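All chains are named by letter (A, B, ...) in the order of the sequence lines, taking the proteins before the strands, and each is independently numbered beginning at 1. All figures in this text were calculated on a predicted structure; none of them were measured in a lab.
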There are 2 protein chains.
Amino acid sequence: MFTLLRTHIEKFIPLGNEDWDLLLPHLAEIFIRKNDYFSREGKPCKEIGFIVEGCMRHFYTKDGEEKTTYFYFENNLVTDYLSCLTGKPGLISIEALYDTKLIVFPYSVLTQLYSESKVWERFGRLIAEYIAMGLEERMTGLLMLSAEERYHQLLGSNKQKILERIPQHFIANYLGITPVSLSRIRNRMLKK
Amino acid sequence: MFTLLRTHIEKFIPLGNEDWDLLLPHLAEIFIRKNDYFSREGKPCKEIGFIVEGCMRHFYTKDGEEKTTYFYFENNLVTDYLSCLTGKPGLISIEALYDTKLIVFPYSVLTQLYSESKVWERFGRLIAEYIAMGLEERMTGLLMLSAEERYHQLLGSNKQKILERIPQHFIANYLGITPVSLSRIRNRMLKK
DNA sequence: GAGTTTTCTTATCTTTTGTTAACGTTTTTT
DNA sequence: AAAAAACGTTAACAAAAGATAAGAAAACTC
């Protein structure tokens, strides 16, 4: 059961059993029902999750409206990274889009491991670098591409799975446009 | 001279002399003339720089046009982070906006230090986290704010210094709009 | 310091995007 | 099963942004 998480971590760095055993006792399995929260705006996020089944969305509230800016899928880590790093209340909420099964552990355990173990400290660096690369790529898309180009890029990416089971207005938010605008883009594409 | 860099690094983590001495022999001082390059699209970036004096811009080329997406200032590190991390040819170029004085060292030295020293590995994590936080903040602005709001945010930030000595069309690129559009925004602001 | 280049603004026109509202469909709730 | 809510599309209009060009001012070059 917890081996799924171990396998994921080992995509970044090989773990000896002694490394894994440092984390293992702090793992727990939890379930979050559709529309329930993993993390909530205004509250510090102190947990790291790993999605075993289901998916979640990451959103801001602006002028009373929710703007979805990220999705988390199976076999991926989920957390309010910014809140974990700063220790401050989260600016965003993370909500389950479907009933979701997670493995969770406290962020404080991870920082503890950073100090105790070279392997874990390195993992912390690699994951931060990985996140930075993802953000850099997404930001470039926002600066350099039109909304239509971004949508095409999304369709052509390995994130296609986003499209399978996620309402379109969330995807529109993710692309930085309105749902109406996305609908027009899709319409235009059909006509070609 | 090199102490400026040490001071900067110690904003992230305290360095013992023995840590600093691991890096020191690999440091060099270089000068880059206005309009000359620190790193070039198509070539892997293998150096980290620290700007002692001057400033630089980071830009993509799209359809033959240069789009400036980032600036580097005095007392900050500069590099094509993505290219360093992946080892692949850079997608961007970094050019001096003014005659610039830098301290440089090879990225390979840094990765070597990551393996040799806990302190440096931690520095690697902290800097990656810092970069991720910056990118997250900027991306949020691009998704949630209008161009005009973004410009106001920029004016109100600690990056005001950007505005002092950088041509407006570069700032427009940075905001994700055209120079004409930025000029209109500024015009509207005057009238209020 | 004359001439060139770069930079910024302004105007006009076009395209894209946002806003609001209406409608039909699907999904969820009760 | 009926009612309510959520979702996606479309239309009409408004606002914002892009493209292009022209002109003035500033900066740079020789």
*Asks:* NZ of B:Lys34 versus P of D:dA27: gap in Å, rounded?
*Replies:* 11 Å
*Asks:* Kindly say if A:Thr178 contacts the phosphate of C:dT17, meaning a side-chain N or O under 4.0 Å from OP1 or OP2.
*Replies:* no
*Asks:* When you check the phosphate oxygens OP1 and OP2 of C:dG18, does a side-chain N or O of A:Ser181 lie under 4.0 Å from one of them?
*Replies:* yes
*Asks:* Taking CZ from A:Arg188 and C1' from D:dA11, how many angstroms apart are they, rounded to a whole number?
*Replies:* 15 Å
*Asks:* Is any side-chain heavy atom of A:His26 less than 4.5 Å from a side-chain heavy atom of A:Leu113?
*Replies:* no
*Asks:* Does B:Glu121 come within less than 4.0 Å of A:Arg125, counting only side-chain N to carboxylate O?
*Replies:* yes
*Asks:* Is there a donor and acceptor pair, one atom on the side chain of A:Arg184 and one on the base of D:dG8, closer than 3.5 Å?
*Replies:* no
*Asks:* Expressed in angstrom and rounded to an integer, what is the separation of A:Glu95 atom CD from D:dA6 atom C1'?
*Replies:* 13 Å
*Asks:* How many Å lie between CD1 on B:Ile171 and C1' on C:dT6, as a whole number?
*Replies:* 15 Å
*Asks:* Does the side chain of B:Arg138 reach to within under 4.5 Å of the side chain of A:Leu143, using non-hydrogen atoms?
*Replies:* yes
*Asks:* As an exercise, state the distance from CD1 of A:Ile131 to CG of B:Leu135, rounded to the nearest 0.5 Å.
*Replies:* 11.0 Å
*Asks:* Does D:dT9 have its OP1 or OP2 closer than 4.0 Å to a side-chain nitrogen or oxygen of A:Gln168?
*Replies:* yes
*Asks:* Parallel, tilted or perpendicular: which fits the ring planes of B:Phe50 and B:His8, with parallel below 30° and perpendicular above 60°?
*Replies:* tilted
*Asks:* Within the pair A:Asn187 and D:dT10, is there a side-chain N or O less than 4.0 Å away from OP1 or OP2?
*Replies:* yes
*Asks:* Both B:Ile185 and B:Asn35 contact DNA chain D. Which one's nearest nucleotide lies toward the 5' end?
*Replies:* B:Ile185
*Asks:* Would you indicate what B:Leu182 reaches in the nucleic acid, counting non-hydrogen atoms under 4.0 angstrom: base, sugar-phosphate, or nothing?
*Replies:* nothing
*Asks:* Indicate, with a heavy-atom threshold strictly under 4.0 Å, whether B:Arg186 touches base, sugar-phosphate, or nothing.
*Replies:* sugar-phosphate
*Asks:* Starting at atom CG of A:Leu190, determine the distance to atom C1' of D:dG8, rounded to an integer number of angstrom.
*Replies:* 13 Å
*Asks:* Give a yes/no answer on whether the side chain of B:His169 brings an N or O atom under 4.0 Å of OP1 or OP2 in C:dT6.
*Replies:* no
*Asks:* Measuring from the side chain of B:Val180 (C-beta onward, heavy atoms only), which nucleotide among C:dC8, D:dA19, C:dT19 has the closest atom?
*Replies:* D:dA19
*Asks:* Report the distance from atom CD1 of B:Ile177 to atom C1' of D:dA15, rounded to the nearest whole Å.
*Replies:* 15 Å
*Asks:* Assign A:Ser183 to base, sugar-phosphate, or nothing according to its heavy-atom contacts below 4.0 angstrom with the strands shown.
*Replies:* base
*Asks:* Please state how far atom CG in B:Asn173 lies from atom C1' in D:dG18, giving the value in whole angstrom units.
*Replies:* 13 Å
*Asks:* Can you identify which nucleotide, out of D:dA17, D:dC7, C:dG18, has its nearest atom closest to the B:Ala147 side chain?
*Replies:* D:dA17
*Asks:* Rounded off to whole Å, could you give me the CD-to-P distance for the B:Glu149 and D:dA15 pair?
*Replies:* 17 Å
